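What follows is one structure encoded as C-alpha cells, with my remarks underneath.
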Amino acid sequence: MIALSVIGRLVFALSVFSSAALVMAQDVATDGETPWFSQAVDTEKFAVIITGAAATPESREQFRSWTADLYRSLRDDYGYPDSHTTLLMDDGNNVGELAPLVDGSSELEDIRSALDQLGQQMAQGDQLTLFLIGHGSSRFGEAKFNNVGPDMTGSDLAQMLEAFEGQDIVVVNTTSASFEFSRELAANGRVIVSATRSAAERYDPVFGGFFIEAMQGRQADLDRNGRLSILEAFNFASSQTAEWYSEQGRLPTENAVLDDTGDGLFSREPGRNESDGLLAEIAYIDIVRPDEVKTSPGAREILADIQRLEREIFILRNQKSNYLEEDYWSRLEALLIDLALQTRDYNALP
C-alpha cells in the first residue's frame with residue numbers, strides 16, 4: 001500500500017479546493033442519504049472474475065493474460081485473499097496455467113452457484129466487484145455475455161444480483177456490445193462500467209486491458225490518497241483507450257461509459273460536471289489495509305477513520321450548492337483539519 005505521505009494529503013486537499021467552486025450536476029446528498037460505499041473497519045470486499053468462452057486462440061490468450069493480471073493485482077496490490085476472489089473461467093478445465101486459481105467454469109449454473117454462495121457469506125455493507133472478460137453480443141433487444149453453454153443475459157445477472165440488497169455492487173463489463181447488457185444491471189447504489197455504449201460496437205474492446213493497467217500498482221491514483229476509485233480507473237482506461245486508437249491511426253470502435261445513479265443513462269465522461277461519477281468517486285477497490293511496516297494494533301482503525309473523512313469531504317464538496325458559503329467552508333475546514341490530525345497520528349504509529 002502507498003504510504004500516507006504529507007505530499008499525498010496535500011495533493012488530495014488541493015484536488016478538493018481546486019474543484020470546490022464547480023456547480024454540481026449530480027445530487028449525492030448527505031452522508032445519511034448516501035449509505036453506499038461507506039467502508040467501516042470491518043467491511044469485507046469480494047471480487048468475482050468471470051472469463052467467458054473465446055472465439056479464437058488469439059482471443060483466448062488475451063483473455064487469459066487479462067485474467068491473470070487482474071487476479072494478481074487484486075491479490076498483490078489490494079490484499080484480496082484468495083478466499084475473497086472467485087475465478088470462473090471458460091469450461092473450468094481448459095484454463096492453462098491458471099488452473100490452481102480457477103474455482104469453476106463460466107457456465108450459467110456455476111455463475112449462479114458462486115453468487116448464491118457469496119450472498120450467504122457477505123455481510124451488510126460488504127462490497128462485491130464483478131469483472132466480465134470475454135466476448136459479448138447484442139441483437140433483437142437481447143444482450144448476452146458469451147460464456148460456456150447457454151449465454152448469460154443481462155437480465156440473468158440482474159436477477160442473481162437481487163440477493164445483494166445490503167451490499168455495495170460494482171460491475172466492470174469489458175466485453176464487446178456490452179452496453180445493453182450493462183444497462184440491465186443499473187440500480188441505486190451500484191456502479192456499472194461498460195466498455196461500449198451501443199450494440200453496434202461489437203469488436204473486441206481494448207478498454208479492459210487498460211482498466212486492469214490502471215489497477216496495477218494503482219497507476220490511476222490521481223489524487224495520491226493511496227487508494228484507487230472506480231472513477232479514477234475508468235477515466236484512466238478511457239484516456240488510454242483513446243490514445244491507443246490515435247496511435248494506431250484508427251477510428252475508435254468503442255466508447256466506454258459509466259452509470260452510478262441507477263437510471264441506466266450512462267455517461268462517457270463521468271465526474272463532477274456530469275450526471276454520473278460521484279458515487280464511483282467514493283467506490284474504492286482497496287480494502288482497509290495498513291502499511292506493512294505498521295505493527296500497531298490501532299493502525300487499521302485510524303486508517304479506516306481517515307478513509308471515512310475523505311469520503312465525507314468528497315460528499316460535502318459535491319453538495320456545496322446546498323450550503324451557505326460560510327457554512328460550507330467551515331464544514332470543509334473542520335474535515336480537512338481532522339484528516340490532517342488523523343494522518344499525523346497514523347504516520348506516528350510504529
Side-chain angles (χ1 to χ4, degrees), residues 11 15 18-19 22 25-26 58-59 61-63 65-67 69-70 73 77 129-138 143 145 170-183 185-186 191-225 227-261 263-285:
V11 171
S15 71
S18 65
S19 58
L22 293 176
Q26 179 183 345
E58 293 76 18
S59 296
E61 182 179 352
Q62 179 68 85
F63 297 160
S65 175
W66 284 0
T67 301
D69 288 345
L70 175 57
S73 183
D77 296 325
T129 304
L130 291 90
F131 298 90
L132 303 180
I133 297 175
H135 301 297
S137 61
S138 181
F145 173 75
V170 177
V171 180
V172 181
N173 189 346
T174 71
T175 71
S176 51
S178 54
F179 176 71
E180 296 293 344
F181 184 104
S182 301
R183 191 163 62 175
L185 310 177
V191 179
I192 311 296
V193 173
S194 172
T196 66
R197 64 171 177 175
S198 74
E201 296 180 340
R202 62 184 184 277
Y203 298 104
D204 286 335
V206 299
F207 173 84
F210 290 121
F211 194 96
I212 295 167
E213 183 180 323
M215 291 176 56
Q216 293 173 315
R218 297 181 183 81
Q219 290 189 60
D221 176 23
L222 297 181
D223 62 15
R224 297 295 184 265
N225 68 348
R227 296 188 292 158
L228 183 69
S229 70
I230 298 300
L231 182 63
E232 287 175 318
F234 176 89
N235 286 336
F236 176 95
S238 295
S239 175
Q240 293 297 108
T241 298
E243 186 175 331
W244 184 86
Y245 278 97
S246 177
E247 291 175 350
Q248 298 290 318
R250 298 167 52 183
L251 291 175
T253 57
E254 60 186 276
N255 292 275
V257 290
L258 181 150
D259 173 75
D260 62 3
T261 61
D263 60 5
L265 301 175
F266 287 64
S267 298
R268 283 189 60 192
E269 298 179 352
R272 291 184 292 272
N273 291 321
E274 295 295 328
S275 59
D276 295 288
L278 302 187
L279 195 60
E281 186 177 42
I282 59 173
Y284 287 93
I285 298 171

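Predicted model only: the values in this text are computed from it and were never measured. Worth knowing before you read on, the calculation uses all heavy atoms, side chains too, and leaves out hydrogens, waters and symmetry mates.
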Checking side chain to side chain contact (heavy atoms under 4.5 Å, CB included) for the pair Thr196/Phe207: CA distance, chi angles, key distance, verdict?
-> CA-CA 9 Å; Thr196 66; Phe207 173 84; over 6 Å; no
Task: From CA spacing to verdict: side chain to side chain contact (heavy atoms under 4.5 Å, CB included), Val191, Leu258 - done: CA-CA 7 Å; Val191 179; Leu258 181 150; 4.3 Å; yes
Worked check of side chain to side chain contact (heavy atoms under 4.5 Å, CB included) between Ser176 and Tyr203: CA-CA 6 Å; Ser176 51; Tyr203 298 104; over 6 Å; no
Between Phe211 and Val172, does the side chain to side chain contact (heavy atoms under 4.5 Å, CB included) criterion hold? Intermediate values first, please. CA-CA 9 Å; Phe211 194 96; Val172 181; 3.9 Å; yes
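Within the 4.5 Å cutoff, no side-chain heavy atoms of Val171 are placed close to those of Ser194. Between Ser182 and Val193, the closest side-chain pair of non-hydrogen atoms is not below 4.5 Å. At least one side-chain heavy atom of Leu228 sits under 4.5 Å from a side-chain heavy atom of Met215. The shortest distance between side-chain heavy atoms of Thr253 and Glu201 does not fall below 4.5 Å. At least one side-chain heavy atom of Asp69 sits less than 4.5 Å from a side-chain heavy atom of Ser65. For the pair Ile285/Arg218, no side-chain contact is recorded, criterion being any heavy-atom separation below 4.5 Å from C-beta on. At least one side-chain heavy atom of Leu132 sits under 4.5 Å from a side-chain heavy atom of Phe181.
Taking the six-membered ring where the residue is Trp, the centroids of Phe145 and His135 are separated by 6.0 Å or more. For an aromatic pair to be called close, the ring centres must be under 6.0 Å apart, and Phe210 with Phe236 fails this.
Smallest separation of non-hydrogen atoms from Gly277 and Leu231: O-CD2, 3.5 Å. Among all heavy-atom pairs drawn from Arg197 and Val257, the shortest one is CB-CG1, 3.6 Å. The shortest heavy-atom contact between Asp260 and Ser275 is OD1-O, 4.4 Å. Heavy atoms only, all atoms of each residue included: Ser229 and Glu281 are closest at CB-O, 3.5 Å. Taking every heavy atom of both residues into account, Asp263 and Leu265 meet most closely at OD1-N, 2.9 Å.
Expressed to the nearest 0.5 Å, how far CD1 of Ile212 lies from OG1 of Thr174 amounts to 7.0 Å. The CZ atom of Phe234 sits 11.0 Å away from the OG atom of Ser239 when rounded to the nearest 0.5 Å. Atoms OG1 and CG, from Thr261 and Leu279 in turn, are 9.5 Å apart once rounded to the nearest 0.5 Å. For the atom pair CZ (Arg202) and OG (Ser178), the distance works out to 14.0 Å, reported to the nearest 0.5 Å. Distance check: Asp77 CG to Gln219 CD gives 9.5 Å after rounding to the nearest 0.5 Å. In this structure, Glu254 CD and Ser238 OG are separated by 9.0 Å, a value rounded to the nearest 0.5 Å.
Between the side chain of Gln240 and the main chain of Ala237, no donor-acceptor pair closer than 3.5 Å is present.
Within the cation-pi definition used here (under 6.0 Å to the ring centroid, within 45° of the axis), Arg250 does not qualify as a partner of Tyr245.
Judged by distance alone, the side chains of Ser267 and Asp276 do bring a donor and an acceptor atom under 3.5 Å apart.
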